[in-house]
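A quick write-up on the structure given underneath.
Counting starts at 1 for both ligands and their atoms, in listed order. What's counted below: heavy atoms across the whole structure, side chains too, no hydrogens, waters or symmetry copies.
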Amino acid sequence: MQSIALPQDSFNQQWLAAIAPEDWVNPQPADCYDLVVVGGGPAGLVAAAGAAGLGLGLKVALIERRWLGGDCLNVGCVPSKSLIAAAKAARSPVEPETFAAAMAHLRAVRSRLAVHDSAQRFQGLGVDVFLGEGRFQDPRAIAVGSQTLRFKKAVIATGTRPHVPPIPGLAAAGFVTNETLFNWVQRPDRLAILGGGPIGCELAQAFARLGTHVTLIQRRSRLLPRESAAAAAIVQRALEREGITVLTGQTVTQVDRSPLGCEIQMAQHPAIVVDEILVATGRSPNVETLNLEVAQVALGPQGIAVNDFLQTSNPRIFAAGDVCQGDRFTHAADAAARLVLQNALFTPFGLGKGRWSKVTIPRVTYTDPEVASVGWIDPGEGISSIIPGRAPRLIEVPLSQVDRAQTDRVAEGCLQVWLAPDRDQILGATLIAPHAGETIGEIALAMAAGWGLGRLAKVVHPYPTQAECIKKAADAYRKTQLSDRTRQLLAWLHRWS
Ligand SMILES: Cc1cc2nc3c(=O)[nH]c(=O)nc-3n(C[C@H](O)[C@H](O)[C@H](O)COP(=O)(O)OP(=O)(O)OC[C@H]3O[C@@H](n4cnc5c(N)ncnc54)[C@H](O)[C@@H]3O)c2cc1C
Ligand SMILES: NC(=O)c1ccc[n+]([C@@H]2O[C@H](COP(=O)([O-])OP(=O)(O)OC[C@H]3O[C@@H](n4cnc5c(N)ncnc54)[C@H](O)[C@@H]3O)[C@@H](O)[C@H]2O)c1
């Protein structure tokens with residue numbers, strides 16, 4: 001990976017002073033902590049602040065090896081969403097200064113938000129903050145440098161890092177990941193992005209809007225494989241309309257750097273030459289340096305193996321966030337940390353434990369249009385897999401039927417709702433629309449409350465809003481419920497009214 005120097009401006013100085021103060025002195029450890037949290041990203045911060053903030057006098061320690069705030073604040077959600085917003089506001093032709101201003105905007109936002117995650121703020125909340133790498137010493141103790149922290153309970157929240165595929169020549173040619181690209185100050189003219197997941201799609205559109213020619217190279221046959229086929233197709237068309245070259249079903253076989261740039265060879269497509277390569281091909285959990293064997297913590301397919309109570313194979317140690325979950329989102333890390341607090345600290349004799357499988361987690365890919373999903377959705381690869389032999393019912397509302405989409409000149413979009421085969425139970429939904437992330441909450445709420453579309457049909461939606469697509473889906477569902485008998489009954493009621 002290319003190392004790119006951090007821009008030395010007042011934003012970055014303020015940001016680093018908050019989340020990794022150079023003059024920080026680790027405290028003297030307590031005899032035994034009620035809770036030790038390893039990793040200071042969203043999951044770890046919520047766990048530490050939650051335990052310390054209860055006012056119960058619990059002894060809480062937080063260990064972070066690099067930057068408090070984790071991926072989300074430093075190299076993930078915050079810089080990427082700031083860049084997306086700056087790119088949306090950019091007007092063509094985009095001048096090189098616009099790019100520099102967009103990058104300065106993300107640094108400014110990050111420095112402002114850093115105060116919430118700062119070492120000082122957590123110290124003020126009563127948390128013992130240790131800056132350094134955590135390494136387990138035995139099932140009830142962890143070391144940071146030469147200090148030993150003994151604990152009654154611990155939470156592992158060490159997150160993930162970019163997974164880099166072993167493509168011949170890639171390392172020698174040089175590439176960036178989300179960990180380095182937000183340090184750019186100059187716009188690359190030609191950028192190839194490897195990986196058509198959320199990072200690849202979001203950043204492809206942002207950089208294209210800032211004047212870079214982007215080629216998005218995806219190994220799978222379509223973009224956003226976790227989302228529905230309709231969502232992937234709409235996003236691909238939107239990216240292509242903005243001049244992005246989307247190459248799906250591609251195997252990159254070799255990368256070489258020459259004076260002309262980086263040449264990327266593919267098995268299914270002629271080679272392309274670019275100035276920079278962004279690798280966004282998935283994540284690897286941060287587990288290697290934790291010394292998990294001595295803590296008797298086992299690994300699973302997603303990283304640290306946990307049960308439905310987010311407990312590891314060592315019953316005193318829990319895990320939360322990206323390091324153990326398939327849903328790799330900040331709000332999922334936050335929800336998991338809250339569940340861990342409940343299960344680790346407030347379940348005498350094991351009573352009152354909460355289950356992760358009961359938590360509803362929506363997700364949003366912040367392309368334009370956005371793709372917002374919740375629950376089970378059909379990725380188009382075997383619809384009947386959820387209930388053998390009985391396919392879920394799909395109710396689909398194209399956005400062309402929604403007046404607000406017409407007034408706002410929305411090119412394309414739709415709402416898809418999947419229902420249980422035999423009852424009014426929402427299994428999941430996808431909305432592909434501008435601001436879809438703001439609207440999906442209504443369906444997430446309905447799912448969490450156990451409401452079906454019949455109940456949502458009674459909710460009055462303001463006119464004209466995008467959320468009317470939910471009313472239309474509910475009306476469409478109610479029409480499917482009209483049997484001949486119900487029609488006869490309605491006709492009879494009408495005759496006597
Ligand atoms: C480019 C990008 C954009 C994203 N956009 C969004 C978005 O819009 N919305 C969304 O919901 N999610 C988004 N995400 C995902 C989100 O950033 C993660 O889901 C979230 O940060 C996970 O939080 P976490 O606490 O589990 O892990 P992390 O944020 O990865 O934090 C883990 C922390 O643990 C520390 N650590 C690791 N090992 C040790 C150790 N041994 N000792 C001490 N500390 C250690 C790390 O330094 C790190 O600070 C994005 C991610 C990326 C990369
Ligand atoms: N809006 C959001 O909430 C948001 C935004 C960005 C990232 N994230 C989170 O960050 C995580 C990482 O995102 P991501 O996009 O890197 O991962 P991802 O795993 O979702 O997508 C990676 C994509 O890269 C493709 N790929 C793998 N190897 C490849 C290769 N050699 N060549 C070309 N393509 C290849 C895969 O087919 C896959 O579609 C996700 O789990 C996501 O939850 C969330």
Q) Between V252 and ligand 2, which part of the residue brings a heavy atom under 4.0 Å of the ligand: side chain, backbone, both or neither? A) neither
Q. Does V75 reach ligand 1 with a nitrogen or oxygen that is under 3.5 Å from one of the ligand's nitrogen or oxygen atoms?
A. no
Q: Find the distance between CG (L339) and CZ (F318) and round it off to the nearest 0.5 Å.
A: 9.0 Å
Q. Which ligand 2 atoms does P165 reach within 4.0 Å, using its non-hydrogen atoms?
A. 31 (N)
**Q.** atom 25 (C) of ligand 2 [closest protein heavy-atom partner, distance rounded to 0.1 Å]
**A.** Q218 OE1, 3.0 Å
Q. Looking at atom 20 (O) of ligand 2, what's its closest protein heavy atom, distance included?
A. P198 CD, 3.3 Å
Q: Could you list which atoms of ligand 2 come closer than 4.0 Å to a heavy atom of I217?
A: 33 (C), 34 (N)
Q. What's the shortest distance from atom 44 (N) of ligand 1 to any protein heavy atom, and which residue and atom give it?
A. R65 N, 3.2 Å
Q | Minimum-distance protein heavy atom relative to atom 20 (C) of ligand 1 | A | T330 OG1, 3.7 Å
Q. Hey, does V371 have a side-chain heavy atom less than 4.5 Å from the side chain of S228?
A. no
Q: Run the numbers for me: atoms of ligand 1, each under 4.0 Å from some heavy atom of N178, listed by number.
A: 1 (C), 53 (C)
Q) Looking only at N/O atoms, are K81 and ligand 1 under 3.5 Å apart anywhere? A) yes
**Q.** Candidate pair L6 and L16, rule side chain to side chain contact (heavy atoms under 4.5 Å, CB included), full reasoning
**A.** CA-CA 10 Å; L6 285 174; L16 289 172; 3.8 Å; yes
Q: Identify, for atom 21 (O) of ligand 1, the protein heavy atom at the shortest distance, and state residue, atom and that distance.
A: C72 N, 3.4 Å
Q | Identity and distance of the protein heavy atom lying nearest atom 28 (P) of ligand 1 | A | D71 N, 3.7 Å
Q.
Within ligand 1, which atoms have a heavy atom of Y366 less than 4.0 Å away?
A. 8 (O)
(Q) G134 versus ligand 1: do any nitrogen or oxygen atoms come within less than 3.5 Å of each other? (A) yes
Q: For T160, take its heavy atoms, then give the atoms of ligand 1 lying under 4.0 Å from any of them.
A: 30 (O)
(Q) Below 3.5 Å, N or O to N or O, backbone or side chain included: is there any such pair between E202 and ligand 1? (A) no
Q. Among protein heavy atoms, which sits nearest to atom 9 (N) of ligand 1, and what does the distance come to when rounded to 0.1 Å?
A. C77 SG, 3.9 Å
**Q.** Intermediate values then yes/no, side chain to side chain contact (heavy atoms under 4.5 Å, CB included), H269 and I217
**A.** CA-CA 10 Å; H269 193 273; I217 302 173; over 6 Å; no
Q) Does an N or O from R283, backbone or side chain, lie closer than 3.5 Å to an N or O of ligand 1? A) no
Q) Does ligand 2 have a heavy atom under 4.0 Å from the side chain of P225, from its backbone, from both, or from neither? A) side chain
Q: Looking only at protein heavy atoms, identify the closest one to atom 15 (C) of ligand 1 and say how far it is in Å.
A: R328 O, 3.6 Å
Q: Return the residue, atom name and 0.1 Å-rounded distance of the protein heavy atom closest to atom 26 (O) of ligand 1.
A: D322 N, 2.8 Å
Q. Any idea which protein heavy atom is nearest atom 24 (O) of ligand 2, and the distance to it?
A. G195 CA, 3.2 Å
Q. Out of R226, K81, R220, R283, who gets a non-hydrogen atom closest to atom 11 (C) of ligand 2?
A. R283
(Q) Regarding ligand 1, does F329 bring an N or O atom to under 3.5 Å of one of the ligand's N or O atoms? (A) yes
Q) Which residue from G282, G197, A192 reaches closest to atom 16 (O) of ligand 2 through any of its heavy atoms? A) G282
Q: Using a strict cut-off of 4.0 Å, indicate which atoms of ligand 2 neighbour a heavy atom of Y366.
A: 1 (N)
Q) If you measure every N/O of G44 against every N/O of ligand 1, is any gap under 3.5 Å? A) no
Q: Check each heavy atom of R328 against ligand 2 and say whether those closer than 4.0 Å belong to the side chain, the backbone, both or neither.
A: both
**Q.** Protein heavy-atom partner closest to atom 52 (C) of ligand 1 - residue, atom, separation in Å
**A.** G76 CA, 3.6 Å
Q. Is it true that A337 lies under 4.0 Å from ligand 1, counting heavy atoms only?
A. no
**Q.** Residue, atom name and distance, where the atom is the protein heavy atom closest to atom 6 (C) of ligand 2
**A.** I199 CG1, 3.4 Å
Q: List the closest protein heavy-atom neighbour of atom 29 (C) of ligand 2: residue, atom name, distance to the nearest 0.1 Å.
A: T281 CG2, 3.3 Å
Q | Numbered atoms of ligand 2 (with element) below 4.0 Å of V364, judged on heavy atoms | A | 1 (N), 2 (C), 3 (O)
Q.
Let me confirm one number: the NZ-CZ distance from K153 to R316, rounded to the nearest 0.5 Å.
A. 6.5 Å
Q: Check R209, K88, Q205 against D368 for a side chain to side chain donor-acceptor pair (under 3.5 Å) and give me the one that passes.
A: R209
**Q.** Heavy atom of the protein closest to atom 32 (N) of ligand 2 (residue, atom name, distance)
**A.** R219 CB, 4.0 Å
Q | Close N or O approach (E64, ligand 1; < 3.5 Å) | A | yes
Q: Specify side chain, backbone, both or neither for E202, according to which of its non-hydrogen atoms lie closer than 4.0 Å to ligand 2.
A: side chain
Q. So which of T215, L216, I167 actually passes side chain to side chain contact (heavy atoms under 4.5 Å, CB included) with L194?
A. I167
